[in-house]
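Structure record follows, encoded as structure tokens.
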Amino acid sequence: MPGFPENPRVRFAPSPTGYLHVGGARTALFNWLFARHFAGVFLLRIEDTDVSRSTPEMVEGILEGLQWLGIAWDEGPYYQSRRTELYRLAVDKLISTGAAYYCFCRKEELEDRPAQATGEGRLPRYQGTCRRIPAAEALRRKQAGEAAAVRFAVPQGGSTGFEDAVFGKVEFSNSELEDFVLARSDSSPTYHLSAVADDIDLRITHIIRGADHISNTPKQVLLYNALGAATPVFAHVPLILGADKTRLSKRHGATSVIAYREEGIVPEALRNFLALLGWTPPAGSSEILKDDALIRFFSLEAISRSNAVFDRSKLDWFNTEYIRSYPAERLLPLIEEEWKKAGVKLRSRDGTWLLSTIDLLKGRARSLKDFAGSFRAFFSDEFQPDPAALDKFLKDTGVRKMLVELGDRYGNLEDFSEQETERVLRDFAAARGVKAGALINGARVALTGQAVAPSLFAVMTALGKSTTVERLRGVEQLPLEALSLGSLKT
RNA sequence: GGCGCUAUCGUCUAGGGGUUAGGACGGAAGAUUCUCAAUCUUCAAACCCGGGUUCGAUUCCCGGUAGCGCUACCA
């Protein structure tokens, strides 16, 4: 039982037939947390035994996703495609002990089996035809060059069960298991064989994987037994579903870990969010859990048994929390990436200025992309004012005129501080008999292109005197969004 | 279809034979006034259904239903 395992060895064993999706990433994360918690070893193994469906690009993508998420492996990656000798030995052993047998049925004739079987009201299962061939005859045919797959001889009768660290006792009747294939006719191993042979060879103590493997487990337990090895602890983790509660797929938008990087999610936020999908920290703890807390708290016992829906808005919340908690120094390199991607030309590269401006804005960011998007005017002179913002606060030509005048006043202001700029604006508004708010909101749009931004006077000092003056003076050149529809008609 | 697993607010979940069923995200309302995507305050929101056990079930048992998984010479 889990308890306090000594030197546990766990693995994440993705099949490179697709990118690293959030489900796989969470499985990897749980393995990693478990290993770190018990000072064990976390290793990575690439299950590429199906050469027709595995590609090196996919392997790259998976490694990249793991690295980005900060999930580092201690051993590997091991590639199953390079460990075929191990599987061949295991198959030989099973054949020699009679635990497995050659099957000469051709793939094609097996293919219409399901349809045929259901038509006859039978279960679409391998009937064990070749199991009845005497071993000597089978060996002779095999040596004569006849193509043969290798099947496992599932015990007739009885049942096979295991104690799952998450689900408890699970048991299957052996009559439910068919004589599954261990090696294809080209002698390449299939999943069950290679996984078990590897897990034995790599001395894996705990198998933490998706709950979709629960039904596979009895077959593997049988294999452990037949190979004379002790079974590891199994811990199945419930699946992650889309908002419609169906299995996560491309239909649900981003499911690739890398896609979240592209969306401006910081890795720590995704990690924290993923950890909390199906796992509960101790009562009373905050949900914002950095690595050390995650590692300290993690336990297989606190993994839930029901599937979890991926909630994008909660991920976004984690992201805002992490972004605002980071010092600007940590944010800067991440943000520079976004500027590069968006082609943002900076107004200034002054370090202190960049850092203080990031500090001014980070509390309002939902994503790293905001720094190249709605915050763009702070960092660059090239930005498109938001039409809705123009419509909301800069429709009034009177306000526009006053803002130009205000710009002139600021041009003559010696002390361009938050206090002084505010005093000047309020005095000006009072003198003109307009509400300060009207000028403030208009100026915000003129300066940032947005209706939403930090306090105006903080904005002005962040922008600096000359840019503030310049943008205010240019206010009349901004389009009058409200008129555009009407003017098209006339 | 068969087998397996699961079932508490919209979502992630806590809890547990007697509770005002707790928290978080999201939502709503209010406050603030210089905007809100900030902040503060408040509110709404759940035990799948039916039997059984019991003085008492959301909790334990059984059945149903639903969802998910597996049912390949995929992993």
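Predicted model only: the values in this text are computed from it and were never measured. Quick note: numbers below take in every heavy atom, side chains included, and nothing from hydrogens, waters or symmetry partners. Letters A, B, ... are given to chains in the order of the sequence lines, protein chains preceding strands, and every chain is numbered from 1.
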Next on the checklist: In terms of relative ring orientation, are A:F180 and A:F152 parallel, tilted or perpendicular, with 30° and 60° separating the classes?
Outcome noted: parallel

Next on the checklist: Which label fits A:Y191 and A:H213: parallel for a plane angle under 30°, tilted from 30 to 60°, or perpendicular past 60°?
Outcome noted: tilted

Hey, does [X] reach any base, or is it just sugar-phosphate, or nothing, if we go heavy atoms under 4.0 Å?
X      : value
A:N216 : base
A:S215 : base
A:R324 : sugar-phosphate
A:V309 : sugar-phosphate
A:A283 : nothing
A:S304 : sugar-phosphate
A:G284 : nothing
A:F457 : base
A:H236 : nothing
A:P14  : nothing
A:L456 : base
A:T320 : nothing

Can you tell which of [options] lies closest to the side chain of [X]?
X      : options                : answer
A:T280 : B:rU6, B:rA14, B:rC12  : B:rA14
A:R364 : B:rA38, B:rU11, B:rA75 : B:rA38
A:E176 : B:rG69, B:rA37, B:rC3  : B:rC3
A:R247 : B:rG4, B:rC68, B:rU71  : B:rC68
A:Q450 : B:rU13, B:rA37, B:rG4  : B:rA37

How many whole angstroms separate atom [atom1] of [X] from atom [atom2] of [N]?
X      : N      : atom1 : atom2 : value
A:I440 : B:rC36 : CD1   : C1'   : 15 Å
A:K169 : B:rC3  : NZ    : P     : 19 Å
A:E301 : B:rA14 : CD    : C1'   : 17 Å

With a 3.5 Å cut-off and sequence neighbours excluded, list the donor-acceptor pairs that the side chains of residues 449-458 of chain A form with protein atoms.
none

Using the [atom1] atoms only, state how far [M] lies from [N], rounded to an integer number of Å.
N      : M      : atom1 : value
B:rC43 : B:rA21 : P     : 15 Å
B:rU53 : B:rC12 : P     : 34 Å
B:rU6  : B:rG23 : C1'   : 23 Å
B:rA45 : B:rU20 : C1'   : 15 Å
B:rA46 : B:rG51 : C1'   : 23 Å
B:rG27 : B:rU11 : C1'   : 12 Å
B:rU39 : B:rA57 : C1'   : 44 Å
B:rA44 : B:rA24 : P     : 15 Å

Next on the checklist: Just to verify, what does A:T461 make a side chain to side chain contact (heavy atoms under 4.5 Å, CB included) with, not counting sequence neighbours?
Outcome noted: A:E418

Checklist entry - Between A:A451 and A:P238, which has a closest nucleotide on RNA chain B that is more 5'? => result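 Nearest nucleotide further toward 5': that of A:P238.
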
Checklist outcome for this item: Per nearest nucleotide of RNA chain B, the residue lying toward the 5' end, A:A211 or A:A148, is A:A211

Just to confirm, is there a sub-4.0 Å distance from OP1 or OP2 of [N] to any side-chain nitrogen or oxygen of [X]?
X      : N      : result
A:R305 : B:rA7  : no
A:R209 : B:rC70 : no
A:T49  : B:rA75 : yes
A:K245 : B:rU11 : yes

Could you list all N or O pairs between the protein and nucleotides 24-26 of chain B that sit under 3.5 Å apart?
{"unit_1": "B:rA24", "atom_1": "O2'", "unit_2": "A:E287", "atom_2": "OE1", "d": "3.1"}
{"unit_1": "B:rA24", "atom_1": "O2'", "unit_2": "A:K314", "atom_2": "NZ", "d": "3.4"}
{"unit_1": "B:rA24", "atom_1": "N3", "unit_2": "A:K314", "atom_2": "NZ", "d": "3.4"}
{"unit_1": "B:rC25", "atom_1": "O2'", "unit_2": "A:K314", "atom_2": "N", "d": "3.4"}

Checklist entry - Taking atom types as they are modelled, is there a donor-acceptor pair under 3.5 Å from the base of B:rC73 to the side chain of A:S185? => result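 Present.
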
Next on the checklist: Can you tell me whether the side chain of A:R151 and the base of B:rC73 have a donor-acceptor pair closer than 3.5 Å?
Outcome noted: no

What is the base-pairing partner of [N], counting Watson-Crick and G-U wobble geometry with both distances under 3.5 Å?
N      : answer
B:rG63 : B:rC49
B:rC68 : B:rG4
B:rA38 : none
B:rC43 : B:rG27

Checklist entry - What closest approach, in Å, do A:E178 and A:V154 show between heavy atoms, and which atom pair accounts for it? => result O-CG2, 3.2 Å

Next on the checklist: Holding to side chain to side chain donor-acceptor pair (under 3.5 Å), I want the full list of residues that pass it with A:S81, two or more places apart in sequence or in another chain.
Outcome noted: A:D48

Using nucleotides 61-65 of chain B, report all nitrogen or oxygen pairs with the protein that are shorter than 3.5 Å.
none

Checklist entry - Between A:H21 and A:F310, is a ring pair (Phe, Tyr, Trp, His ring centres under 6.0 Å) present by the stated rule, with each step listed? => result CA-CA 12 Å; A:H21 55 89; A:F310 189 95; over 10 Å; no

Next on the checklist: Can you tell whether the side chains of A:R426 and A:E422 come within less than 4.0 Å, N to carboxylate O?
Outcome noted: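 Between A:E422 and A:R426 there is a salt bridge, with a charged N closer than 4.0 Å to a carboxylate O.
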
Checklist entry - Above 12 or not: heavy atoms from other molecules or residues under 6.0 Å from CD of A:E85? => result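 Yes, enclosed.
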
Checklist entry - With a cut-off of 6.0 Å (strictly less than), are more than 12 heavy atoms of other residues, nucleotides or ligands near CZ of A:R83? => result yes

Item to check | Donor-acceptor contact present, side-chain A:N319 to main-chain A:G264, <3.5 Å | outcome: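 Side chain of A:N319 to backbone of A:G264, a donor-acceptor pair under 3.5 Å: yes, one is there.
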
Item to check | Pairing residues for A:Y322 by the ring pair (Phe, Tyr, Trp, His ring centres under 6.0 Å) criterion, not counting sequence neighbours | outcome: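 Listed in chain order: nothing, the list is empty.
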
Item to check | Evaluation steps, salt bridge (charged side-chain N to carboxylate O under 4.0 Å, His left out), between A:R11 and A:D198 | outcome: CA-CA 10 Å; A:R11 68 356 182 234; A:D198 270 336; over 6 Å; no

